[in-house]
Engineer: 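Below you will find the structure I want to go over with you.
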Number of protein chains: 2
Amino acid sequence: MAAFSVRARAVDAAAAIEPCGHCGARTRSVCNAIEAPDLARLAALAHGLTIPAGRQFIEEGDAAEHFFNVTAGTAKLFKMLPDGRRQITGFAGVGDFLGLAVSATYAFGAEAIEPMRICRFSRSRLKTLLADFPALERRLLEVAANELVMAQEQMLLLGRKTARERLASFLIARQSHGDAVRLPMTRSDIADYLGLTIETVSRTLTWLRGQRLIEIPAAAEIVIRDRPALERLAAGLR
Amino acid sequence: MAAFSVRARAVDAAAAIEPCGHCGARTRSVCNAIEAPDLARLAALAHGLTIPAGRQFIEEGDAAEHFFNVTAGTAKLFKMLPDGRRQITGFAGVGDFLGLAVSATYAFGAEAIEPMRICRFSRSRLKTLLADFPALERRLLEVAANELVMAQEQMLLLGRKTARERLASFLIARQSHGDAVRLPMTRSDIADYLGLTIETVSRTLTWLRGQRLIEIPAAAEIVIRDRPALERLAAGLR
DNA sequence: GGACCGGGTTGATTTGCGTCAACGCCGCAT
DNA sequence: ATGCGGCGTTGACGCAAATCAACCCGGTCC
């Protein structure tokens, strides 16, 4: 009976969203800790959502009722001060996991900067799943430890690097397909991520272009032209 | 046979260091995830060390062979740039856990700012322990998630707060026994933690005293005199 | 005692980045 | 076509914090 009920829910979920087995994000996400035979149970707990660009789907301070797994698109994660100052603490792309916080409320807000597909889990149900699949818990610990390392790197950037070094670090970290860097976020987002203003971001990119370190074919696309020099700059070598 | 061997090692460890059952840090550390009957196994894997103030016991970039648990004293954790610029990413006190990083090398350095006692575990052996005690793994995940929340808070501070707000936040966060704030670290450490210079730290503390928000009976001790005002300042309210 | 040294405070000056402002580009709606 | 609003760039100017420098204080080692 219980088994049937689980199966039935799995079928419902599969009908409503892409089943986990076919999920494009699976190999890149925490879900790859789950073996194929158990994916049905995972799908039964998941809820697929489509989110338009610009929609804020996590509000800082709200009761944390869900975990999220990004299956398409990109989100910005941020904290705000009462007068409107904003710090973007990170960008979440395909495979990234959101809502790890143990506390009862979200410690940050999240807003889609591109159309997104996300996989939503109820907090309470996932607890059960964690108990059943220690491998998932181990994977989450790995993910959290990695995030922590990146957070420390970002603290070094925010506390001690110059504007030029910050932009260089940002571009090096985001470069993926060859020398092209895709920038789905606005200059304002980049500024709030690097602890700068939009004007300084713009001026600094212009300066990097003047030094022949990058090219700027479009506002949302940058090409790295002299990677070694950019890496030296990012590392703080004078 | 196997059980005997484990017991024997537990006895050896108990002789060499304080047994976990009597450890003053236990209730405050990750070790409280372990039940008393299993503490002997924990003690068998632990290695107690005494570290004098000023000694760096983790070198950034070194092979990460150990985990550490602080049982007395305080350490500063930091990252450096090649020209000497330094960012302190946190302070580790009694009960804190160091070396979570999954990567093969330490992502930060650690130096004692007071005489310390630490409990050292071999990375490889702890892996075994984690497999045996899922509760420990769950506890580590909680700890990591908490660290992540604090790291995001620090990014907001470093990226968007003024010098006055940074010092106010620092003092509010460190206040523990009543209104007294103990500062075992130097002004240079505070500056490197808050992304400022020692001169700005000194001047800003003097300014806070002038506003009657704090008193400075000694360089290493500050008393909060107007907590609500200090909290407003820390929160960024103008 | 006194020379020395590391840590801390305070003052004068500089500077990197922020602020304020103008303008160009592009997509879109009417 | 035309006006409009969001985004990005560039220039002039201002300011918070960095830099440079002098000095104080309390240990400690001759």
Side-chain angles (χ1 to χ4, degrees), chain A residues 52-54 76 81 83-88 111 113-114 157-170 181-210 214-222 233 236 238, chain B residues 53-54 76 81 83-88 111 113-114 157-170 181-211 214-222 233 236 238:
Chain A
K76 57 187 176 198
L81 289 173
D83 64 356
R85 279 174 288 172
R86 188 177 64 158
Q87 179 64 37
I88 292 184
E111 181 183 320
I113 61 180
E114 293 176 302
L157 179 150
L158 292 171
R160 291 298 179 218
K161 288 187 181 177
T162 66
R164 288 167 186 177
E165 290 163 352
R166 291 181 201 205
L167 262 302
S169 304
F170 177 69
V181 180
R182 206 176 57 92
L183 299 179
M185 69 291 290
T186 66
R187 295 289 186 268
S188 174
D189 290 337
I190 298 174
D192 284 347
Y193 180 59
L194 300 179
L196 301 169
T197 60
I198 52 177
E199 294 93 334
T200 299
V201 169
S202 182
R203 272 188 258 271
T204 305
L205 286 176
T206 302
W207 182 87
L208 288 173
R209 184 182 53 193
I214 61 171
E215 283 169 44
I216 313 180
E221 194 193 338
I222 284 180
L233 188 55
R238 300 311 182 83
Chain B
K76 58 187 175 197
L81 289 173
D83 63 358
R85 280 174 288 172
R86 188 178 62 158
Q87 179 64 37
I88 292 184
E111 181 183 321
I113 61 179
E114 294 175 302
L157 180 150
L158 292 170
R160 289 301 179 217
K161 288 187 181 177
T162 66
R164 288 168 186 178
E165 291 164 352
R166 291 180 201 206
L167 262 302
S169 304
F170 178 69
V181 180
R182 205 177 58 93
L183 299 178
M185 69 290 290
T186 66
R187 295 289 185 268
S188 175
D189 291 337
I190 298 174
D192 284 346
Y193 181 57
L194 299 178
L196 301 169
T197 60
I198 51 177
E199 293 94 331
T200 298
V201 168
S202 183
R203 272 188 258 273
T204 304
L205 287 176
T206 303
W207 183 86
L208 289 172
R209 186 182 54 193
Q211 299 296 115
I214 61 170
E215 283 170 46
I216 312 178
E221 194 194 339
I222 283 179
L233 188 56
R238 299 310 180 84

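These figures come from a predicted structure and were not determined experimentally. So that the names make sense, note that chain A is the first sequence line, chain B the second, and so on, each numbered from 1. These values consider heavy atoms only, across backbone and side chains, with no hydrogens, waters or symmetry-generated copies.
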Engineer: Of all the choices, D:dG8, C:dT9, D:dA17, which nucleotide is nearest to the side chain of B:A163 once you look at every atom?
Structural biologist: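 Of the options given, the side chain of B:A163 lies nearest D:dA17.
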Engineer: Nearest whole angstrom, please: distance from the P of C:dT10 to the CD1 of B:I198.
Structural biologist: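 Answer to the nearest Å: 13 Å.
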Engineer: Does B:T162 put a side-chain nitrogen or oxygen below 4.0 Å from OP1 or OP2 of D:dA16?
Structural biologist: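 No.
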Engineer: Just verifying a value: how many Å separate A:I88 CD1 and A:K76 NZ, rounded to the nearest 0.5 Å?
Structural biologist: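 Going from CD1 on A:I88 over to NZ on A:K76, the span is 5.5 Å.
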Engineer: For A:I216 and D:dC7, give me the distance from atom CD1 to atom P, rounded to whole Å.
Structural biologist: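 Atom CD1 in A:I216 sits about 18 Å away from atom P in D:dC7.
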Engineer: What is the distance, to the nearest angstrom, from the NZ atom on B:K161 to the P atom on C:dG18?
Structural biologist: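 After rounding, the reported distance stands at 18 Å.
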Engineer: Base, sugar-phosphate alone, or nothing: which one does A:T186 contact when heavy atoms must sit under 4.0 Å apart?
Structural biologist: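 Counting heavy atoms under 4.0 Å across all strands, the contact made by A:T186 is with sugar-phosphate only.
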Engineer: Could you tell me if the side chain of A:R85 sits less than 4.5 Å from the side chain of A:D192, heavy atoms only?
Structural biologist: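 In short, these two side chains do not touch, never coming nearer than 4.5 Å.
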Engineer: Do B:L183 and B:F170 make a side-chain contact, defined as non-hydrogen atoms from C-beta onward lying under 4.5 Å apart?
Structural biologist: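 Of all side-chain heavy-atom pairs linking B:F170 with B:L183, at least one is under 4.5 Å.
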Engineer: In whole Å, I'd like the distance from the CZ atom of B:R187 to the C1' atom of D:dG26.
Structural biologist: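 Atom-to-atom, B:R187 to D:dG26, this comes out as 15 Å.
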Engineer: Using atom CD of B:E199 as one end and atom C1' of C:dG11 as the other, report the distance to the nearest whole Å.
Structural biologist: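 My rounded result for the distance is 11 Å.
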Engineer: At under 4.0 Å between heavy atoms, what does B:L196 touch on the DNA or RNA strands: base, sugar-phosphate, or nothing?
Structural biologist: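 Here B:L196 touches the backbone only, sparing every base.
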Engineer: Can you tell me the distance, in whole Å, between the CG atom of B:L167 and the C1' atom of D:dA17?
Structural biologist: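 Whole-Å distance recorded here is 13 Å.
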Engineer: Does D:dC7 have OP1 or OP2 sitting under 4.0 Å from an N or O in the side chain of A:S188?
Structural biologist: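 For D:dC7, neither OP1 nor OP2 has a side-chain N or O of A:S188 closer than 4.0 Å.
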Engineer: Are the side chains of B:Q87 and B:L158 in touch, meaning some heavy atoms are under 4.5 Å apart?
Structural biologist: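 When only atoms from C-beta onward are counted, B:L158 and B:Q87 do touch, with a gap below 4.5 Å.
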Engineer: Please confirm whether the shortest side-chain N or O distance from B:S202 to OP1 or OP2 of C:dG8 is below 4.0 Å.
Structural biologist: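 B:S202 to C:dG8 OP1/OP2: no side-chain N or O under 4.0 Å.
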Engineer: Nearest heavy-atom pair of B:S169 and B:K161: which atoms, and what distance?
Structural biologist: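 Nearest heavy atoms, B:S169 then B:K161: OG-NZ, 3.0 Å.
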Engineer: Roughly, in whole Å, what's the span from CG in B:L157 to P in D:dA17?
Structural biologist: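 Computing the B:L157:CG to D:dA17:P distance gives 12 Å.
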Engineer: Does A:R203 have a side-chain nitrogen or oxygen under 4.0 Å from the phosphate oxygens OP1 or OP2 of D:dT10?
Structural biologist: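 It does not, given that no N or O in the side chain of A:R203 lies less than 4.0 Å from OP1 or OP2 of D:dT10.
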Engineer: Atom CG of A:L205 to atom C1' of D:dT10: distance rounded to whole Å?
Structural biologist: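 Going from CG in A:L205 over to C1' in D:dT10 covers 14 Å.
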Engineer: Let me know, please, whether A:T206 or B:V201 comes out on the 5' side of the other along DNA chain D by nearest nucleotide.
Structural biologist: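 Between the two, 5'-proximity favours A:T206.
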Engineer: Using a 4.0 Å heavy-atom cut-off across all strands, classify A:G54 as base, sugar-phosphate, or nothing.
Structural biologist: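 No contact at all - A:G54 keeps every heavy atom at 4.0 Å or more from the nucleic acid.
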Engineer: At less than 4.0 Å, is any side-chain N or O atom of A:T200 found next to OP1 or OP2 of C:dG18? Yes or no.
Structural biologist: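 Yes, because at least one side-chain N or O of A:T200 sits under 4.0 Å from OP1 or OP2 of C:dG18.
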